[in-house]
Enquirer: 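Got a structure here, written out as structure tokens. Questions coming.
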Amino acid sequence: MQRVLVLNGPNLNLLGTREPEVYGATTLADLERNLTAWGERLGLEVAPFQSNHEGALIDRLHDERNGVDGVVINAGALTHTSYALHDAIVATSLPTVEVHISNVMKREAWRRHSVIAPACLASIYGRGITGYRDAMRALVNLTTAPPEPLIYGETEHQVMDLRIPAGAGPHPVGIFLHGGFWRGEWGRDTIDTLAVALYRRGWMTANVEYRRLDTGGGWPISGVDVLDAIETLQARSDVDPDRLVLVGHSAGAQLALTAAAAATTPPALVVGLAPITDLAAAHAEGLDGGIVELYMDGAPEDREAAYSAASPIASPSPSLHRLMIHGDADTLVPASQSRSYVTAAAAAGAEVEYVELAGAGHFHVLDPGGEAWAHVLRALPN
Ligand code: DQA
């Protein structure tokens, strides 16, 4: 992946002035400057194009089909109606990721349906303009190390992306659980760079999607999904059950730690990157605008048993091999979430390896070139 066409459709020329409460204050010119900078970090040259006309967008796709390696598209309202754009994406065979600035799943019903989505590798929405950065990153990860989707449940959200190394196996497997405060707009693409990094070291990787708030989840459903995904992998003959590692970030670490404690066969290692371990404390501190109450369907005083079951800190398993890593400059999930877990585990006679990274924020721990990842690699079973 070297050159990416970034297409913006109708009305996106008015970014900055158009419904700023929905689309933000960034203008199209600002966005295009950001695209260039984000592209540079990913090693991509960005070719931006905006038009209010369906035919002009289609013509651009045709014209660039031999000039670019992939496409990021925000088709605006054409997303919901244009079969012609769908067909143009298919016709050019260009790998394409769809992006929307607003949370289309939480607006009018007609915005929830994208007719171009079936032609796209991934759909990213509700993350403001940084969604374009995430869409470019997803394009790189999904094309340079293409995964095989494996459905492990009955809904479209119970799916995992498998990357399987050559050879019959059994392979050591890294199971990745993304964060995002259990919100629908944050998906497995956010942790995929780590999955790709581990796959490149010869591991099998499974980047697991699970039902979140707005996608049919919440506690305990999200937790059940993660357990189902783990058991699905444990039942495979190409998976080495003795070298199964869970890596969870943020809310995904809450799911990793609770699933590891509940699994019939525990994993060899659980890595908590900026983990949420104590839901009552997370609720008291109002993390992410009070999301915990929605996830848990009530406040701690009304749902005591559920908070205890969902909080890894309530019953730190004595035998589990754990590595927790937290930045002391994390403003989204404070390092106290890790520190108090380590203290509770010690009181229960359990040992936890804990690394606190000076000056690191919430997303630092997701950088495969960073210190956190070096600690993870060191802790992996041989
Ligand atoms: C949009 C969402 C569409 O529903 C809308 O018609 C747009 C912008 C977004 O970026 O959120 O024009 O694609």
Side-chain angles (χ1 to χ4, degrees), residues 4-39 44 46-61 64 70-90 92 94-139 142 156-157 180-181 183-187 189-190 212-215 288-289:
V4 175
L5 173 64
V6 179
L7 285 180
N8 277 302
N11 303 308
L12 291 163
N13 54 314
L14 296 184
L15 277 181
T17 53
R18 172 193 183 199
E19 300 171 84
E21 67 290 357
V22 179
Y23 299 111
T26 307
T27 64
L28 182 63
D30 292 337
L31 168 62
E32 291 183 354
R33 265 190 293 277
N34 277 309
L35 291 175
T36 308
W38 291 326
L44 299 176
V46 177
F49 180 74
Q50 188 277 329
S51 176
N52 292 327
H53 306 281
E54 186 178 24
L57 294 165
I58 292 169
D59 285 345
R60 193 64 169 206
L61 274 167
E64 292 275 16
V71 179
V72 166
I73 183 167
N74 183 348
L78 290 172
T79 303
H80 317 296
T81 59
S82 178
Y83 292 101
L85 259 179
H86 167 281
D87 283 358
I89 295 168
V90 173
T92 58
L94 285 167
T96 300
V97 173
E98 167 186 33
V99 64
H100 300 286
I101 298 166
S102 66
N103 190 339
V104 281
M105 296 303 166
K106 285 190 159 171
R107 299 179 63 194
E108 300 92 324
W110 57 268
R111 289 188 206 272
R112 273 179 229 149
H113 186 61
S114 162
V115 303
I116 67 167
C120 297
L121 293 173
S123 302
I124 286 168
Y125 58 88
R127 306 184 193 173
I129 65 149
T130 55
Y132 288 81
R133 177 203 62 193
D134 294 359
M136 289 200 286
R137 186 182 59 199
L139 196 56
L142 296 173
E156 58 179 313
H157 307 289
F181 289 107
R183 291 185 188 270
E185 61 268 36
W186 297 101
D189 64 286
T190 57
R212 288 125 27 235
L213 293 166
D214 318 321
T215 63
D288 203 43

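Residue indices begin at 1 and follow the sequence shown. Computation of the quantities below employed the complete heavy-atom set of this structure, encompassing side-chain atoms and omitting hydrogens, waters and symmetry-equivalent molecules. Nothing here was measured: the structure is a model prediction, and the numbers come from that model. For ligands, and for the atoms within them, numbers begin at 1 and follow the listed sequence.
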Enquirer: Does only the side chain of V104 get under 4.0 Å from ligand 1, or the backbone, or both, or neither? Count heavy atoms.
Expert: side chain

Enquirer: Testing the 3.5 Å rule here: is there a donor-acceptor pair between the side chains of E98 and S114?
Expert: yes

Enquirer: Nearest protein heavy-atom contact for atom 1 (C) of ligand 1: which residue, which atom, what distance?
Expert: H100 ND1, 3.7 Å

Enquirer: Could you check whether any side-chain heavy atom of P10 comes within less than 4.5 Å of a side-chain heavy atom of L57, counting everything from C-beta outward?
Expert: yes

Enquirer: Is there a heavy atom of Y125 sitting under 4.0 angstrom from any atom of ligand 1?
Expert: no

Enquirer: Looking at atom 9 (C) of ligand 1, what's its closest protein heavy atom, distance included?
Expert: I101 N, 3.3 Å

Enquirer: Does at least one non-hydrogen atom of R18 fall below 4.0 angstrom from an atom of ligand 1?
Expert: yes

Enquirer: Backbone or side chain, does any N or O of L12 fall under 3.5 Å from an N or O of ligand 1?
Expert: no

Enquirer: Do the side chain of R127 and the main chain of E185 share a donor and acceptor less than 3.5 angstrom apart?
Expert: yes

Enquirer: Any side-chain donor paired with an acceptor under 3.5 Å for Q50 and N52?
Expert: yes

Enquirer: Using a strict cut-off of 4.0 Å, indicate which atoms of ligand 1 neighbour a heavy atom of H80.
Expert: 3 (C), 4 (O)

Enquirer: Between H100 and H80, what is the ring plane arrangement, given parallel below 30°, perpendicular above 60°, and tilted in between?
Expert: parallel

Enquirer: What atoms of ligand 1 come closer than 4.0 angstrom to any heavy atom of N74?
Expert: 1 (C), 9 (C), 10 (O), 13 (O)

Enquirer: Quick one: does S102 get an N or O within less than 3.5 Å of an N or O on ligand 1?
Expert: yes

Enquirer: Are T26 and L15 packed together at the side-chain level, in the sense that at least one heavy-atom pair is separated by less than 4.5 angstrom?
Expert: no

Enquirer: Relative to the heavy atoms of Y23, which atoms of ligand 1 are at a distance of less than 4.0 Å?
Expert: 5 (C), 7 (C), 8 (C), 9 (C), 11 (O)

Enquirer: What I want to find out is whether K106 reaches D214 closely enough, with some N-O distance under 4.0 Å, to be called a salt bridge.
Expert: yes

Enquirer: Go through the steps for S51 and R60 under the test side-chain hydrogen bond (donor to acceptor under 3.5 Å, both in side chains), then give the verdict.
Expert: CA-CA 10 Å; S51 176; R60 193 64 169 206; over 6 Å; no

Enquirer: Which ligand 1 atoms, with their elements, are less than 4.0 angstrom from a heavy-atom of R111?
Expert: 3 (C), 4 (O), 5 (C), 6 (O)

Enquirer: Where does N11 meet ligand 1, judged by heavy-atom distances below 4.0 Å: at the side chain, the backbone, both, or neither?
Expert: neither

